[in-house]
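Since the structure is predicted, the reported quantities are computational estimates derived from the model, not experimental observations. Just so we're on the same page: letters track the sequence lines, and every chain starts at 1.
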Protein chains: 2
Amino acid sequence: MSAKTVATAGLSERPAGSAAPTAAAGEPTWDIIELLFFAYRDFVGDPDEVLSKLGFGRAHHRVLHFVNRNPGMKVADLLDILNITKQSLGRVLKQMVDQGFILQKEGAQDRRQRLLYVTPKGEALALKLAGLQTARITRAFGELGPGAHEAARRFLTAMIDTDNREGVLRLIARADRASKRG
Amino acid sequence: MSAKTVATAGLSERPAGSAAPTAAAGEPTWDIIELLFFAYRDFVGDPDEVLSKLGFGRAHHRVLHFVNRNPGMKVADLLDILNITKQSLGRVLKQMVDQGFILQKEGAQDRRQRLLYVTPKGEALALKLAGLQTARITRAFGELGPGAHEAARRFLTAMIDTDNREGVLRLIARADRASKRG
DNA sequence: AAAATATGTCAACATGGCTGACATAAATAT
DNA sequence: ATATTTATGTCAGCCATGTTGACATATTTT
């Protein structure tokens with residue numbers, strides 16, 4: 001049995017139609033709930049395979065991703081984004097520093113800070129992983145019509161906590177500028 | 001510091017604009033990658049809070065969700081959907097059976113099978129959790145124009161592994177019929 | 001000089017994945 | 001009828017990654 005299949009066994013099968021319209025108010029939007037589950041599972045599945053060969057997990061991916069996107073960020077910033085404890089981060093971060101994927105520099109103004117950067121090796125891995133996910137995304141956008149990117153962006157943005165949305169958009173916009181400069 | 005915030009500290013801030021268009025071919029679609037991360041984090045965050053008060057985790061949620069949606073499913077089906085080992089499932093499942101959220105019945109034709117059902121208590125919890133997620137989804141659809149539901153469904157579907165997509169759609173469609181009958 | 005801040009570390013624990021080995025009952029095949 | 005396969009469960013232990021609490025160190029701020 002290969003991974004990432006879905007049970008089709010049991011219960012009589014009928015031809016697959018489009019999911020039900022979910023009209024009635026107050027009824028759960030089962031289709032979106034379940035599609036999000038499966039879409040996200042596949043979305044993170046591609047990187048997971050590559051990472052596991054390196055002895056890394058999803059936690060390493062998250063660290064690498066955000067450091068790559070926000071070079072020079074503080075440890076505290078990363079903790080805030082990942083929403084984990086410094087002890088959890090510490091373990092993972094230490095491995096990536098020891099293995100030469102991430103590099104820490106003392107802050108220029110504030111020498112208590114350990115600013116985080118990816119090494120060339122780290123950047124290569126980050127781009128490889130992002131490439132896998134981008135391939136999936138562009139394939140999806142290719143299947144859908146033009147405007148799919150914008151529609152997806154609007155949907156995903158609207159799904160984020162309202163009181164956090166501005167911060168997320170700022171983060172993305174700032175990282176974009178950083179990578180374009182870099 | 002509250003949970004689920006995003007670092008805004010450091011680096012000079014500029015007013016939040018829409019994310020960059022990500023035009024160039026071969027460049028990662030950072031915006032979708034990151035929005036998916038944050039959207040999913042918030043999406044599962046609501047249920048997580050409720051579950052933790054019951055001593056349950058995300059694993060329990062997944063089990064409860066799929067059993068509720070597919071009453072009478074076999075253990076093997078659930079394993080196939082969740083893509084975990086029977087030992088992992090066993091632990092979680094046992095707790096939910098012991099605490100009266102899920103019920104197992106011997107199969108009618110094949111008496112080796114332990115068909116899975118939610119109890120009324122289990123259904124209530126499943127609906128409560130789905131309600132939280134639905135609230136977020138309908139809020140999002142409300143912010144976006146009409147057609148948002150359809151657009152989201154198409155996007156998410158296109159993000160699923162092509163060789164698995166049919167199976168997922170069948171699963172959703174079948175569960176819809178089951179819940180409409182039930 | 002004292003207090004607050006940024007970071008790191010030690011120790012212990014919980015959850016939820018995993019593998020491997022083995023047990024049981026029931027269905028199926030020979 | 002016996003043998004094999006199948007569906008499920010269970011024991012034991014390992015690993016990754018989250019948690020809390022306590023404490024250490026360097027540096028900045030008051």
Contacts of type salt bridge (charged side-chain N to carboxylate O under 4.0 Å, His left out), residue A/E150, not counting sequence neighbours: A/R153

Validation: residues 126-133 of chain A side-chain donor-acceptor distances under 3.5 Å, sequence neighbours left out:
unit_1: A/Q133; atom_1: NE2; unit_2: A/F43; atom_2: O; d: 3.2

For atom CG of B/L89 and atom P of D/dT10, their distance in whole Å: 11 Å

Donor-acceptor under 3.5 Å (A/D110 side chain, A/R112 main chain): yes

Residues which pass salt bridge (charged side-chain N to carboxylate O under 4.0 Å, His left out) with B/E34, listed by chain and number, not counting sequence neighbours: A/R69

Transitive ILVMFWY side-chain link B/F38 to A/L78, under 4.5 Å: yes

Interatomic distance, B/M73 CE vs D/dT8 P [rounded to whole Å]: 11 Å

Contact under 4.0 Å: A/S88 side-chain N or O vs D/dT17 OP1/OP2: no

Same cluster (ILVMFWY, side-chain, under 4.5 Å), A/V44 and A/L156: yes

First and last nucleotide of DNA chain C, 5' to 3', lying under 4.0 Å from heavy atoms of chain B: C/dG16 to C/dA27

DNA chain C contacts among residues 55-65 of chain B, heavy-atom distance under 4.0 Å: B/G57, B/R58, B/A59, B/H60, B/R62

Rounded interatomic separation in angstrom, taking CZ from B/R91 and C1' from D/dG13: 11 Å

Expected output: side-chain A/R114 to main-chain A/Q104 donor-acceptor under 3.5 Å: no

Joint hydrophobic cluster, B/V168 plus B/L82, side-chain heavy atoms closer than 4.5 Å: yes

More than 12 heavy atoms of other groups within 6.0 Å of B/K94 NZ: no

hbond_proxy A/Q87 side chain to D/dG21 base (donor-acceptor, 3.5 Å cutoff): yes

Heavy-atom protein contacts under 4.0 Å, nucleotides 25-30 of chain D, coded B base, S sugar-phosphate only, - none: -BBS--

Test of ring centre spacing under 6.0 Å for B/F37 and A/Y40: no

Trace of the side-chain contact (heavy atoms from CB on, under 4.5 Å) decision for B/L171 with B/F66: CA-CA 10 Å; B/L171 179 73; B/F66 286 108; 4.3 Å; yes

Residue met sooner reading DNA chain D from 5', once A/Q95 and B/Q113 are mapped to nucleotides: B/Q113

Below 4.0 Å: OP1/OP2 of D/dT19 and any side-chain N or O of A/T85: yes

